[in-house]
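Here is the structure we will look at.
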There are 2 protein chains.
Amino acid sequence: MARSTAQRVAMALRERIEGGELPPGTQLSEEALGRDLEVSRNTLREAFRLLIHESLVEHLLNRGVFVRVPTAADVTDVYRMRTALETAGVRAAATAPAPLRAAVAASVDEGERAAAEGDWRQVGSADLRFHRALAALAGSPRIDAAMDRLMAELRLAFHAMPSPHRFHQPFLQRNRVLAGLLEGNESARAEAELITYLDDARELILDAMREAGR
Amino acid sequence: MARSTAQRVAMALRERIEGGELPPGTQLSEEALGRDLEVSRNTLREAFRLLIHESLVEHLLNRGVFVRVPTAADVTDVYRMRTALETAGVRAAATAPAPLRAAVAASVDEGERAAAEGDWRQVGSADLRFHRALAALAGSPRIDAAMDRLMAELRLAFHAMPSPHRFHQPFLQRNRVLAGLLEGNESARAEAELITYLDDARELILDAMREAGR
DNA sequence: CTGTTGAGGATTGTTGAACAATACCTTAGC
DNA sequence: GCTAAGGTATTGTTCAACAATCCTCAACAG
């Protein structure tokens, strides 16, 4: 038992949330889940704290915890912070260790390979990995952790979209372009491209959310 | 009772930690603190989760929670992330709402006023407020929250310094310069100055930590 | 019909005690 | 001095109970 019970419970809930089994807005009842997962209410509450930290769920006093429902304002703000962290990575690209630079290129390859095979789920996760790799160029554990949380929030927002795969496809090519600029040490151009890239992506998501009636 | 018991307990502990009553490295015993604050162990543990989220304390499995002891690597990393967030604010300065821009100027004034009165504690907190105001120019709640956590961590690091006030003084003037550049909409120069500013500050802290033998 | 008020029931918040699991300290042996 | 075994203190988890709060829904007034 390397992990605590609370951590295992949190992991189980995380899978159910990201798998869509517990869609945004669902209340996580202490009694029902406790019975289901065979843990006490106290332990379950400890697990909730872990998920709150990842902003997968939110806690309303005396009302309980709910799977978060990202609003348009949330998406806008996530992209603001993403832009700050990813540009920080891009700026550090020239002096970043080779393995970190290689990770960027690798995620682009993976995305293209997955697209060729028609595995759109993989395309999406490769895209997230690409952006995480960009921010990771900064070489900062705290930036990495913050990116992880932002990506988790974004995955929640994707639940509100009709076809997430159609969303990722047009960005495959732009990922390739960005990676090329970084390999050529054209940091300034890469940064400018990244900013318009993220602006475009944000608008696409917001459009989709409006269409889905949120 | 607008806040939950756990939140009130967390607040009490936060004060004790930032006030130096519970210095870095101190173990927070569940039994002793529970008796002291007159809450049950379960509630105390919930309070711990809140402080863990603020990275004021850390939790080691089966060993308990301890007031965090920032290492040199922590300080370096905090400054990496600060740089990312504060430069994001500076870049958005030109288009930021007037109240946010006013907050920057106000914090510089406060720092100078406090210095004139010899209130070095106030100088320090005005300095932190200045940097928080810089990041806040980005207009992002998530960036604001992240900055709050970074500043809290930094306050912990200051505990290891002999005289924090001597540290803040030389930066009063540079704050004024930075604020001036922002008011003149010279974002690029402000950004460059901010980066060297943060590099210098980081080195001063690291030097102090080495001297204090950590 | 709209809006307000007030039980009643359900859920969360908190407590205290108990036991299990783990880490730390002490002692015994070599 | 070092390693191994055992005892003790602390944390991890469970359980049952009660208090506090919110939500529902019906009754009622305007």
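Below, chains carry the letters A, B, ... as their sequence lines are ordered, and counting in each starts from 1.
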Task: Pair B/Glu18 + B/Arg155, salt bridge at N-O below 4.0 Å - done: yes
TODO: Indicate for each nucleotide in nucleotides 4-10 of chain D, in 5' to 3' sequence, whether protein heavy atoms under 4.0 Å reach the base (B), only the sugar-phosphate (S), or nothing (-).
DONE: ------S
Open item on the list: If the condition is side-chain contact (heavy atoms from CB on, under 4.5 Å), which residues does A/Ala126 pass it with, not counting sequence neighbours?
Closed with: A/Glu110, A/Arg129
- [ ] Return the angle between end axes of the helix from C/dC1-D/dG30 to C/dC30-D/dG1, with five pairs used per end and rounding to 10°.
- [x] 20°
- [ ] Could you pull out all residues at least two apart from B/Asp74 that satisfy side-chain contact (heavy atoms from CB on, under 4.5 Å)?
- [x] A/Arg142, B/Arg68, B/Pro70, B/Thr71
TODO: Compare all side-chain heavy atoms of A/Thr26 with those of A/Phe66 and state whether any distance is below 4.5 angstrom.
DONE: no
Open item on the list: Please report the distance, rounded to the nearest Å, between CD1 in B/Ile52 and P in D/dT11.
Closed with: 13 Å
Open item on the list: Is the ring pair B/His131/B/Tyr197 parallel, tilted or perpendicular, if the boundaries are 30 and 60 degrees?
Closed with: perpendicular
Open item on the list: Could you walk me through whether B/Arg16 and B/Asp36 satisfy the salt bridge (Lys or Arg N to Asp or Glu O under 4.0 Å) test, starting with their C-alpha distance in whole Å, then the side-chain angles of each, then the deciding distance to 0.1 Å, before giving a yes or no?
Closed with: CA-CA 13 Å; B/Arg16 293 193 188 187; B/Asp36 206 25; 3.1 Å; yes
TODO: Could you tell me whether the side chain of A/Val104 reaches within less than 4.5 Å of the side chain of A/Asn175, counting heavy atoms only?
DONE: no
Task: Atom pair distance, as rounded to whole Å: NE2 in A/His59 and P in C/dT11 - done: 15 Å
TODO: Can you tell me the distance, in whole Å, between the CG atom of A/Leu50 and the C1' atom of D/dG12?
DONE: 14 Å
- [ ] For DNA chain D, determine which residues of residues 32-40 of chain B have any heavy atom closer than 4.0 angstrom to one of its atoms, and list them numerically.
- [x] none
Open item on the list: Is any side-chain heavy atom of B/Glu211 closer than 4.5 Å to one of B/Met161?
Closed with: no
Open item on the list: Rounded to whole Å, how long is the line connecting atom CG of A/Leu61 with atom P of D/dC23?
Closed with: 11 Å
Open item on the list: Expressed as a whole number of angstroms, how long is the span from A/Arg41:CZ to C/dG16:C1'?
Closed with: 15 Å
Open item on the list: Using OP1 and OP2 only, check whether a side-chain N or O of A/Thr43 sits under 4.0 Å from D/dT14.
Closed with: yes
Open item on the list: So does A/Tyr79 get a backbone contact from the side chain of A/Thr83, meaning a donor-acceptor N/O pair under 3.5 Å?
Closed with: yes
Open item on the list: Just N and O in the side chain of B/Ser4: are any of them under 4.0 Å from OP1 or OP2 of C/dG13?
Closed with: no
Open item on the list: On the side chain of B/Asn42, is there an atom forming a donor-acceptor pair with the base of C/dG16 - under 3.5 Å, no angle test?
Closed with: yes
TODO: Using a strict cut-off of less than 4.0 Å between a Lys/Arg side-chain nitrogen and an Asp/Glu carboxylate oxygen, indicate whether B/Arg41 and B/Glu31 qualify as a salt bridge.
DONE: no
Task: Rounded distance (Å) that lies between atom P of D/dT11 and atom CZ of B/Arg49 - done: 13 Å
Task: Euclidean distance, atom CG of residue B/Leu60 to atom C1' of C/dA23 [Å, nearest integer] - done: 12 Å
- [ ] Can you establish whether the number of heavy atoms outside A/Glu203 located under 6.0 Å from its atom CD is more than 12?
- [x] yes
Open item on the list: Whether A/Arg45 contacts C/dG13 is assessed here as follows: a side-chain N or O lying under 4.0 Å from the phosphate OP1 or OP2. Is that the case?
Closed with: yes
Task: Whole-Å gap separating C1' (D/dG12) and CG (B/Leu44) - done: 14 Å
Task: side-chain contact (heavy atoms from CB on, under 4.5 Å) partners of B/Leu28, counting only residues at least two apart - done: B/Leu22, B/Leu33, B/Phe48, B/Val57, B/Val65, B/Val67
